[in-house]
There are 2 protein chains.
Amino acid sequence: MSPKITTELLKQLRQVMKNPRYVQEPVQAYIVPSGDAHQSEYIAPCDCRRAFISGFDGSAGTAIVTEQHAAMWTDGRYFLQAAHQMDSNWTLMKMGLKDTPTQEDWLVSVLPEGSKVGVDPFIIPADQWKRMSKALRSAGHDLVPVKENLIDTIWTDCPQRPCKPLITLDLSYTGVSWRDKIVALRSKMAERKVMWFVVTALDEVAWLFNLRGSDVEYNPVFFAYAVIGMNTIRLFIDGDRMMDPAVREHLQLDSTLEPEFKIQVMPYGSILSELQAVGAGLSPKEKVWLSDKASYALTEAIPKAYRYLTPYTPICIAKAVKNAAETEGMRRAHIKDAVALCELFNWLEKEVPKGTVTEIVAADKAEEFRSQQKDFVELSFATISSTGPNGAIIHYKPVPETNRTLSVNEIYLLDSGAQYKDGTTDVTRTMHFGTPSAYEKECFTYVLKGHIAVSAAIFPNGTKGHLLDSFARSALWDCGLDYLHGTGHGVGSFLNVHEGPCGISYKTFADEPLEAGMIVSDEPGYYEDGSFGIRIENVVLVIPAETKYNFKNRGSLTFEPLTLVPIQTKMIDVNLLTEKECNWVNEYHQKCREVVGAELERQGRHEALRWLLRETEPLARVQ
Amino acid sequence: MSPKITTELLKQLRQVMKNPRYVQEPVQAYIVPSGDAHQSEYIAPCDCRRAFISGFDGSAGTAIVTEQHAAMWTDGRYFLQAAHQMDSNWTLMKMGLKDTPTQEDWLVSVLPEGSKVGVDPFIIPADQWKRMSKALRSAGHDLVPVKENLIDTIWTDCPQRPCKPLITLDLSYTGVSWRDKIVALRSKMAERKVMWFVVTALDEVAWLFNLRGSDVEYNPVFFAYAVIGMNTIRLFIDGDRMMDPAVREHLQLDSTLEPEFKIQVMPYGSILSELQAVGAGLSPKEKVWLSDKASYALTEAIPKAYRYLTPYTPICIAKAVKNAAETEGMRRAHIKDAVALCELFNWLEKEVPKGTVTEIVAADKAEEFRSQQKDFVELSFATISSTGPNGAIIHYKPVPETNRTLSVNEIYLLDSGAQYKDGTTDVTRTMHFGTPSAYEKECFTYVLKGHIAVSAAIFPNGTKGHLLDSFARSALWDCGLDYLHGTGHGVGSFLNVHEGPCGISYKTFADEPLEAGMIVSDEPGYYEDGSFGIRIENVVLVIPAETKYNFKNRGSLTFEPLTLVPIQTKMIDVNLLTEKECNWVNEYHQKCREVVGAELERQGRHEALRWLLRETEPLARVQ
């Protein structure tokens, strides 16, 4: 991976930052966030402006370019990758480390007095705008919206915005019709006394209407907004996809419906003017509900006094709690996914010693096995197939320049997942195809202890996920080790592999309490720069827990692993496990045998079945 | 404990809420916070306005009185106590429970449109004013400052504000002179480019000048403010205490000093006008540093553009990290405190079976034994001496109406501490003087496991205390149990027994990272309403930890218990402990034997020494 040469691009950007054709007054700094107009984490190629200007294409990062400097803020997952991808024009700002300045503090330290800092008002979320604008103003600078995106002005071969066909999901997948979802949303709106709700996140639009798309790779979403009134439904979407008879039928566009369920379809680009019209027509006390992460542009369309902003929307919260149909779908998807991975690991075990399997080959083979499974749609994120030192690059993606051959001497880390029509998967396994060193086993076992500590945790109803994060680290901390990322994220149901409002992280204090039906990942790790990476990840379902007592009748929760892929026992130093931990591994493997074994049998995959049976032999602890 | 009858008082308050003599316009609601003008937790009798109007005298709570309603917000520690102390005029708002409205939401739900909500601007912290004012304004109401405190207008026998003599502390206690503390503070001010620092918290004034007082019971502080400029020091303090030759000598009031160390002494009541004068004389870019918890009145004295507000002041942070002199003093204080408690428990063991020891007698006896120790000053908080069901009232204080006799049939919980000139103590032990039930032992052992999990935790430098809170609960959670309070608080050095900026709680996310030298309590518990209470509390010092590895060279921390009082082994179900936990108890008891045993020997307290030796016999775990 050689860095992108950005000298010329930065020169061009600095020119348009002063060009009156694009800016009312010259801006001394221009912020390029990583999101799109929907604050998506995964974005379409046309929205990869930060990657275009810097070369760094990780999923999280913010670039700021001033007349003299170019700086990139990203988190621990991407320190190595960003350092590799960016040239010497760029300064890497390692978020989470003590001495790294915030974007605001850095701007204040480098800008001349009374500077203007520009940003695209459609890309920056309103809450970030507010924070940054306040910090800059108090230092005598101004944050200004620049209507035309300045990156787009210099991006001559920018790809088109995608506009692909939609998939309709029936009740057997979703459990609840879009009409009933609208009814539930309106009842939440009535509770909070708001008259309008603006749906800006792409996965929220998709979930609400029981539709899926493929405008963004890995995330089955489509470019659209919706504005829900107490008696109206407006869907802002482009292209001829509304001409598809299946979609028209699904949305009952041609049926005689009660007016409050009649969907008005409008052009995607008309959202701002329509919202401004809504804003202009409000009577006193008529509030409009938006996420506080909606774009500054859309938020500003509603006069301040009429805004009702919350960190999580009622759709986000409803979407997180999976119903029986969704949970069953997720179970099915994870069984199929396990079948594919048993095939893959069985294959790798035979092929790796031959020295012909590279990271890319292994990733492709994983996709091949997954694609053989029923209702497979696509991958749920770019496969992290990494061996040896590449494993320490937390969100690594193999490319020809870095592609390493798997061997019997190095640890192999595979973090991968897929979109099936019935569910989304995300699983990480760390394997050794030769003989791991004592140190590698020791580190692996600490990570496993952390994984089990979260997975087996019992906690009261109403507990927020961030309160569980330290459980995942405790065994590592005892030996002076740690990892620089959160422990878990929400997972969608045939939707985004990362979703809110719950998670398990030392960083997220605004997460919503965990409740039965929520689905999160449990993925502690340990990374040694230049040597290896270890991560053990299951997707787990929040379920009620039976406890001996029941304090204040609150009830308790715990997790059930949905992922059912063996954890390599060769990597475990059994003597470091407690009896309880050892039993957990054995019971988990017993379940893999029973559930995935039956499916392998059913699919006639006998060799993979034999691999599964061997890999799930019970551990024996020496007393 | 019978509730205070408040019908007549509320009637009087509702009258003055409309009386133009006190309010410009009638207020429809009046907020009575629990603090004083320094946002102290423990307050002088003249500041106990919330207790006066409601009867509830716990350390935390906010009363709001409207024309129709009277409501009291308090936290889990005080639910039972508040319910006992308040009459039926009052509604108890249980903070931390899911369905309890915030003060703002409740006000919005009960107030007529366009209401005025009054509050004393000297009592409400600026950050609370801001939050509440914003919430009320967005619902069409107004928060208004009422200069004259309305409670004071109806409190005919309100006591005088105390003004007691000061104690000076030399370097052997403080480790750093007040001059050097001023130098360090000014260097922090220079770093942040502020010209003035306003010291509003009483313990910060006391710490800065190495002075102590006794204006507030249990907290060795005195009523004063200070305003530190880059070249000036102003101390606002009343009474003739500045005439004391020891104080004049200590502060070098009569010496020829460099002008920047010359202390100008001014009347306590002149702080507002002096601060307004400072505010009026500021040049552009001259900032004034205040805690964001300083009163609204003082904060408003500085024009908004000139304010520099932080949640924790540099004094608060410096004060939390104890130097070698302070740490050694704390160690000495805890050894003396342990001697007193060994005497007490030995005495209780003999006396309780006679049926003559009440909670008050036991508390008095504890004070008697403490007062025999060198440099004893006073108690550090009201002794919680509680047996049987009283133990479930988390911050119980025995009074004649509730006073219960200790017996061999009930659990006894003693949470007590003292101020010694060399340090502050705070220790809880839960004892049974007969034979505890299996269930009592089970619960005690879960609490002990939680206590050990925190005390023995190893964690990276820079970890915030709230990330350790779940460790204390994990064993309880496993059985469906929990406790409704935080796990630990910062402890001052011959200063307030509760101090910021660190702590261990699921609630505090704004805590500063733990660092070596900080001192906190570790006090998980379990409470069964109507039956018993269990809590095990040590004061612990944050120390560097030796670990096998050292990830990113961050270094690790752990805790060293300063409290050295036996944990009753009779209450422990040894079979529920892991080997590691069992070893922890045995090593802890070994240290109690060595350190406290030597001091008991030195003081010739042979009977207590025999008690200590018996109580610290090693536990034996059945394999």
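In what follows, every heavy atom counts, from backbone to side chain, and hydrogens, waters and symmetry copies are set aside. Source: prediction; values computed, not measured. Residue numbers start from 1 in every chain, and the chains themselves are labelled A, B, ... in the order their sequence lines are given, proteins ahead of strands.
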For the [atom1] atom on [X], are there more than 12 heavy atoms of other groups (residues, nucleotides or ligands in this structure) within a distance under 6.0 Å?
{"X": "A:Lys441", "atom1": "NZ", "result": "yes"}
{"X": "A:Glu113", "atom1": "CD", "result": "no"}
{"X": "A:Glu546", "atom1": "CD", "result": "no"}

I need the residue from [options] with the largest number of non-hydrogen atom pairs under 4.5 Å to chain B.
{"options": "A:Ser556, A:Cys479, A:Ala305, A:Ser474", "result": "A:Cys479"}
{"options": "A:Gly462, A:Ser470, A:Ala457, A:Ser138", "result": "A:Ser470"}
{"options": "A:Phe471, A:Tyr483, A:Phe459", "result": "A:Phe471"}

Taking side chain as everything from C-beta outward and backbone as N, CA, C, O, which of these in [X] sits under 4.5 Å from a heavy atom of chain A? Side chain, backbone, both or neither.
{"X": "B:Arg554", "value": "side chain"}
{"X": "B:Tyr526", "value": "side chain"}
{"X": "B:Lys580", "value": "side chain"}

Let me know if A:Lys287 has heavy atoms under 4.5 Å from chain B in its side chain, its backbone, both or neither.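 Side chain only.
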
Contact class of A:Tyr439 relative to chain B, heavy atoms under 4.5 angstrom: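 Contact with chain B: side chain only.
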
Using a cut-off of under 4.5 Å for heavy-atom pairs, which of B:Thr463, B:Asp482, B:Asp478 has the most such pairs with chain A?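 It is B:Asp482.
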
Counting heavy-atom pairs closer than 4.5 Å to chain A, which one of B:Ala456, B:Gly480, B:Gly555, B:Ala545 comes out on top?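 Ranked by contacts with chain A, first place is B:Gly480.
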
Donor-acceptor pair between B:Glu442 and A:Tyr549 side chains, under 3.5 angstrom: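 Yes, side-chain donor-acceptor contact under 3.5 Å.
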
Spacing of [X] atom [atom1] and [Y] atom [atom2] [to the nearest 0.5 Å]:
{"X": "B:Asp469", "Y": "A:Leu467", "atom1": "CG", "atom2": "CG", "result": "7.0 Å"}
{"X": "B:Lys552", "Y": "A:Leu481", "atom1": "NZ", "atom2": "CG", "result": "12.0 Å"}
{"X": "A:Tyr506", "Y": "B:Lys464", "atom1": "OH", "atom2": "NZ", "result": "12.0 Å"}

Contact between B:Leu557 and A:Trp477 at the side-chain level, heavy atoms closer than 4.5 Å - yes or no?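 Not touching, per the 4.5 Å side-chain cut-off.
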
